[in-house]
Chemist: 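Here's a structure for you.
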2 protein chains.
Amino acid sequence: MKQANKKIFREFAAQKGLKSTRQRDAILDLFLSSDRHMSIEELYLKLRAKYPTIGYATVYRTLKLFAESGIAREIHFGDGQTRYEHVGRGEHHDHLVCTRCGAIVEFSNETIENLQEAVAEEHGFLIETHKLELYGICARCRK
Amino acid sequence: MKQANKKIFREFAAQKGLKSTRQRDAILDLFLSSDRHMSIEELYLKLRAKYPTIGYATVYRTLKLFAESGIAREIHFGDGQTRYEHVGRGEHHDHLVCTRCGAIVEFSNETIENLQEAVAEEHGFLIETHKLELYGICARCRK
DNA sequence: CAGCAATTGAAAGTGATTTTCACTATACAG
DNA sequence: CTGTATAGTGAAAATCACTTTCAATTGCTG
């Protein structure tokens, strides 16, 4: 997926007349090779190690571009920070979030998705997206 | 539920040594008699009609107390504003949110809940809470 | 290489929420 | 009732997570 997403973003950039800059490339590489759920702050701190002058604004702007290009998606876990996660084409999943250690596990369940459709239909809604998060204590923290 | 929740909050307040003030009572009454999903701003504006000197800080502080006491719950629909909804004991429901007009419809579906439990178990999680939001276009906006 | 538009980073600006602080109001003791 | 301790209030300042502005760079195209 890494290479595919790199290509998707390059094409998106070309089409929008975006320039390729050192900062942008560095952020793209870091994002694609990172954990699947990074906050701006985490990205910024890691970037600064290699790139001491980089600014928050650049990281924010660049991640917005990633989201716009379709390779990233914003997620909110209610802690006031926006995180970004990777997106593979067409792929969708939901999250289990550990309230102790913050661990995030992805899952997807087709039956649930179908039931969601059914519920929406009952109420006359046409679903565009959804968000399903289960909060609890992960296996490790339960021990 | 109104009376029950009033009582729950009174007991909570007594136990924590909180005083009963005019402002607090007014906010409690307004909250309990309001729509089920109010933002701080909506509450504040309505309160100011009867209570011109009330401050945002008081409304924020009071709603936090409601949440702590268990009669209210914070909800976030991704528009940057925190809303509070009523909580009946043990009761749970999820939301359909219209991305056009902002309408919010509640629903609950036991089969989905059970599947969530199953998913959590598969991953060793002990669920505490969950959040399920379906975003789309409501019946009225589709016409 | 020149020229221009896109990009960057520092700093100022936002909008929602929280904290501070001087003042006020409540509740319990006497 | 009346102090008195203590909690609560509101205005204003502070904070937090972003976003915008702007002057100085930097890529790209001709």
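All chains are named by letter (A, B, ...) in the order of the sequence lines, taking the proteins before the strands, and each is independently numbered beginning at 1. These values consider heavy atoms only, across backbone and side chains, with no hydrogens, waters or symmetry-generated copies.
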Chemist: Measure the distance from NZ on A/Lys19 to P on D/dG27 and round it to the nearest whole Å.
Modeler: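 Those two atoms, NZ and P, are 9 Å apart.
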Chemist: Whole angstrom is fine here: how far is it from CZ in B/Phe77 over to C1' in C/dA16?
Modeler: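 In whole Å, C/dA16 C1' lies 17 Å from B/Phe77 CZ.
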Chemist: Let me confirm one number: the NZ-CG distance from B/Lys16 to B/Leu65, rounded to the nearest 0.5 Å.
Modeler: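 That separation rounds to 7.0 Å.
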Chemist: When rounded to the nearest 0.5 angstrom, what distance separates OG1 in A/Thr99 from CG in A/Asp79?
Modeler: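 Answer rounded to 0.5 Å: 12.5 Å.
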Chemist: Could you state the CZ-C1' distance from A/Arg83 to D/dA17, rounded to the nearest angstrom?
Modeler: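 To the nearest whole Å, that distance equals 13 Å.
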Chemist: Among residues 69-76 of chain A, which ones have heavy-atom contacts with DNA chain D below 4.0 Å?
Modeler: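 None, since no heavy atom is under 4.0 Å.
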Chemist: Determine all donor-acceptor pairs shorter than 3.5 Å in which one atom belongs to a side chain in residues 131-143 of chain A; sequence neighbours excluded.
Modeler:
residue	atom	partner	partner atom	Å
A/Glu133	OE1	A/Tyr135	OH	2.6
A/Arg142	NH1	B/Gly124	O	2.8

Chemist: Describe the nucleic acid contact of B/Gln81 in one word from base, sugar-phosphate, nothing, applying a heavy-atom distance below 4.0 Å.
Modeler: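 Counting heavy atoms under 4.0 Å across all strands, the contact made by B/Gln81 is with sugar-phosphate only.
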Chemist: Under the rule for ring-ring contact (aromatic ring centres under 6.0 Å, His included), what residues qualify as partners of A/His95, not counting sequence neighbours?
Modeler: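 Testing A/His95 for ring-ring contact (aromatic ring centres under 6.0 Å, His included), a comparison that skips the adjacent residues, returns A/His37, A/Phe77, A/His93.
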Chemist: For A/Ile40 and D/dT19, give me the distance from atom CD1 to atom C1', rounded to whole Å.
Modeler: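 My rounded result for the distance is 12 Å.
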Chemist: To the nearest angstrom, how far is B/Leu63 atom CG from C/dT18 atom C1'?
Modeler: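 Atom CG in B/Leu63 sits about 14 Å away from atom C1' in C/dT18.
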Chemist: Tell me, please, which residues at least two apart from B/His123 pass side chain to side chain contact (heavy atoms under 4.5 Å, CB included).
Modeler: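 A/Leu96, A/Val105, A/Phe107, B/Val119, B/Phe125.
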Chemist: Between B/Lys64 and C/dT18, is there a side-chain N or O to OP1/OP2 distance below 4.0 Å?
Modeler: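 Checking B/Lys64 against C/dT18: at least one side-chain N or O falls below 4.0 Å of OP1 or OP2.
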Chemist: DNA chain C: B/Gly80 or B/Ser20, which has the more 5' nearest nucleotide?
Modeler: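 Of the two residues, B/Gly80 wins.
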Chemist: Once rounded to the nearest 0.5 Å, what's the spacing between atom CZ of B/Arg24 and atom CZ of B/Arg10?
Modeler: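 Answer rounded to 0.5 Å: 12.0 Å.
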Chemist: How many Å lie between CG on B/Leu18 and P on C/dT26, as a whole number?
Modeler: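 That distance rounds to 15 Å.
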Chemist: Give every residue pair that meets the side chain to side chain donor-acceptor pair (under 3.5 Å) criterion with at least one member in residues 56-67 of chain B, sequence neighbours excluded.
Modeler: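 Not a single pair qualifies under side chain to side chain donor-acceptor pair (under 3.5 Å).
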Chemist: Whole Å only: how far is the CD atom of A/Glu68 from the P atom of D/dT19?
Modeler: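 Computing the A/Glu68:CD to D/dT19:P distance gives 13 Å.
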Chemist: Which pairs, protein N/O on one side and nucleotides 9-14 of chain D N/O on the other, fall under 3.5 Å?
Modeler:
residue	atom	partner	partner atom	Å
D/dT9	OP1	B/Thr21	OG1	2.7
D/dT9	O3'	B/Gln23	NE2	2.9
D/dG10	OP1	B/Gln23	NE2	3.4
D/dG10	OP2	B/Gly55	N	3.4
D/dG10	OP2	B/Thr58	OG1	2.5
D/dG10	O5'	B/Thr53	O	3.4
D/dG10	N7	B/Arg61	NH2	2.6
D/dG10	O6	B/Arg61	NH1	3.4

Chemist: For the aromatic rings, using the six-membered ring if either is Trp, is the centroid distance between B/Phe31 and B/Phe66 under 6.0 Å?
Modeler: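 B/Phe31 vs B/Phe66: aromatic centres under 6.0 Å.
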Chemist: Taking 4.0 Å as the cut-off, does a side-chain nitrogen or oxygen of B/Tyr60 come that near to OP1 or OP2 on C/dT18?
Modeler: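 Indeed not, no polar side-chain atom of B/Tyr60 lies that close.
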Chemist: For the pair made of CE in B/Met38 and C1' in C/dA16, what is the distance, rounded to whole Å?
Modeler: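 From B/Met38 CE to C/dA16 C1': 17 Å.
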Chemist: Less than 4.5 Å apart, any side-chain heavy atom of B/Phe12 and any of B/Ile71?
Modeler: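 No, too far: nothing below the 4.5 Å cut-off.
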